[in-house]
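Treat the numbers as computed from the prediction; the structure is a model and nothing was measured.
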2 protein chains.
Amino acid sequence: MTLPPIVQAFVLHFGEMGGRWGVNRTVGQIYALLFLSDRPLNAEEITEALGVSRSNVSMGIKELEAWRLVRKRHLPGDRREYLEAPDDIWQILRTLAEERRKREIDPTLSLLRDILMETPASAEERHAQAKMRQMHDLIELLTGWADDVQRLDNDSLAQLLALGAGVSKLLEVKSKIAVFASGKRRNSTQEDAS
Amino acid sequence: MTLPPIVQAFVLHFGEMGGRWGVNRTVGQIYALLFLSDRPLNAEEITEALGVSRSNVSMGIKELEAWRLVRKRHLPGDRREYLEAPDDIWQILRTLAEERRKREIDPTLSLLRDILMETPASAEERHAQAKMRQMHDLIELLTGWADDVQRLDNDSLAQLLALGAGVSKLLEVKSKIAVFASGKRRNSTQEDAS
DNA sequence: CTGAGATTTCAGCAATGACTGAAATTACAG
DNA sequence: CTGTAATTTCAGTCATTGCTGAAATCTCAG
């Protein structure tokens with residue numbers, strides 16, 4: 001692997017962290033490499049840079065495509081496929097959130113829905129179902145929120161994040177705004193979001 | 001495993017999902033069992049309910065403690081340790097968020113900080129470093145936001161989630177509030193009066 | 001203290017997941 | 001079409017992780 005030291009450090013780190021993020025080492029490394037690259041790379045270049053087998057790279061690419069984290073491109077006059085990682089980091093964030101949700105949360109939500117349709121046959125089952133209801137409702141709240149936020153444009157999202165817990169303060173005065181807004185006829189636009 | 005059908009279904013599901021969530025099957029099952037249980041269970045009961053070895057349960061418990069997802073309790077007149085899952089689902093959410101961040105994000109943030117101190121030696125490295133800077137800044141924004149939100153009480157958090165993208169609307173009127181409240185600045189967010 | 005019950009540790013086996021090289025398939029220039 | 005370069009698939013092997021039973025350690029009643 002002949003890469004600039006800082007690139008190498010990053011690539012190796014992503015390889016190691018891959019396990020915790022639900023992908024294998026090679027997949028992590030390929031993504032790291034593409035993310036840092038200033039141009040699309042073909043499979044052969046990736047193979048060489050990482051020192052793994054060509055077939056392993058092929059499988060890794062396939063998985064990254066399933067995650068929608070890389071795109072295939074074609075360069076004119078070159079039969080090989082070139083790969084690149086989208087560079088809008090906000091979009092990457094959205095994609096990651098969507099895919100992780102699809103893999104890690106939706107199946108559970110689905111199961112919970114099914115189980116909550118059943119009629120409990122004992123006190124024990126009634127209690128278990130109540131807990132599952134709690135979990136179900138919380139997950140729905142979270143995913144609903146995520147759906148909403150998912151649709152915000154980059155700037156709004158950045159603003160929202162920068163605000164942090166300031167939202168809490170904003171919520172506190174929300175009712176007060178409502179008072180003003182109802183009294184005033186300022187603008188007939190948004191005002192109260194509830 | 002002799003458990004009520006709905007409990008069994010949930011436990012088995014958590015076992016299967018465990019892999020995607022970064023824990024092994026047994027750990028997922030133990031947690032599911034404790035989460036649904038209406039009373040603390042001892043290791044022997046867990047062993048029996050799940051049909052795995054006693055030592056496996058011991059290791060699983062250890063891991064769940066490392067995640068701070070279960071507590072050990074003692075019942076009077078019984079030398080055995082009893083385990084229970086905290087039942088405030090909001091607290092569970094906070095714990096999960098903290099632990100996953102600690103395992104999945106902090107190490108990367110730390111590496112990025114280190115690499116960003118280096119001086120790039122080529123155009124390629126300069127580009128790579130710029131990308132890492134982007135990632136670093138985004139992660140800091142996200143974790144900073146998470147820190148803030150982490151401190152909200154259950155009700156505020158629920159309110160925030162229920163609001164969803166409504167926050168966006170709230171942000172739009174924020175500048176108007178700023179006009180009213182121009183006497184003092186609450187926090188360091190950029191007050192953009194667009 | 002002592003010893004019986006309870007828990008943890010750990011070496012070895014089992015299961016799962018990752019990686020490779022070879023063969024099959026696909027894509028396309030001539 | 002044909003032949004060659006590029007990519008994918010897959011069976012076998014290697015590596016990692018998970019699980020077990022036995023032994024070691026801990027804990028506390030008597």
Inset, instruction - Specify the separation, in whole Å, of atom CD of B/Glu44 and atom P of C/dG5. - result: 13 Å
Legend entry - Gap between atoms CG and P, on B/Leu64 and C/dT8 respectively (whole Å): 13 Å
Legend entry - Ring centres under 6.0 angstrom apart (B/Phe14, B/Trp21): yes
Legend entry - OP1 or OP2 of C/dC19 under 4.0 Å from side-chain N/O of A/Asn24: yes
Legend entry - Under-4.0 Å side-chain N/O to phosphate OP1/OP2 contact, A/Lys72 with C/dA27: no
Legend entry - side-chain contact (heavy atoms from CB on, under 4.5 Å), paired with A/Met132, selected from A/Thr108, A/Asp137, A/Leu112: A/Leu112
Legend entry - Separation of atom CZ in B/Arg54 from atom P in D/dT20, rounded to whole Å: 13 Å
Legend entry - Closest-nucleotide 5' rank along DNA chain D - winner of B/Arg25 and A/Asn42: A/Asn42
Inset, instruction - Mind checking B/Glu81 for me? I need base, sugar-phosphate or nothing, with any heavy atom below 4.0 Å counting as a touch. - result: sugar-phosphate
Legend entry - Whole angstrom value for the distance that separates P of D/dT7 from CD of A/Glu45: 11 Å
Inset, instruction - Could you pick out which residue, A/Ser55 or A/Arg79, lies toward the 5' side of DNA chain C when each is mapped onto its nearest nucleotide? - result: A/Ser55
Inset, instruction - Determine whether more than 12 heavy atoms belonging to other residues, nucleotides or ligands lie under 6.0 Å from atom CZ of A/Arg94. - result: yes
Legend entry - Between D/dT7 (C1') and A/His74 (NE2): distance, integer Å: 11 Å
Inset, instruction - Compare side-chain N and O positions of B/Thr26 against OP1 and OP2 of D/dC19 and report whether any pair is under 4.0 Å apart. - result: yes
Inset, instruction - Tell me whether the OP1 or OP2 atom of D/dT7 has a side-chain N or O from A/Lys62 closer than 4.0 Å. - result: no
Inset, instruction - Return the value, rounded to whole Å, for the distance between atom CE of B/Met59 and atom C1' of D/dG21. - result: 11 Å
Inset, instruction - Looking only at non-hydrogen atoms, find the nearest pair between B/Leu3 and B/Gln8 and report the distance. - result: O-OE1, 4.0 Å
Inset, instruction - Decide whether A/Leu34 and A/Tyr82 are clustered together by the hydrophobic rule: side chain heavy atoms of Ile, Leu, Val, Met, Phe, Trp, Tyr closer than 4.5 Å, transitively. - result: no
Legend entry - B/Arg80 CZ - C/dT7 C1' separation (whole Å): 13 Å
Inset, instruction - Could you check whether B/Asn56 gets within reach of a base, just the sugar-phosphate, or nothing at all, counting any heavy atom under 4.0 Å? - result: base
Legend entry - Value in whole Å for how far the P atom of C/dA27 lies from CG of A/Asp78: 16 Å
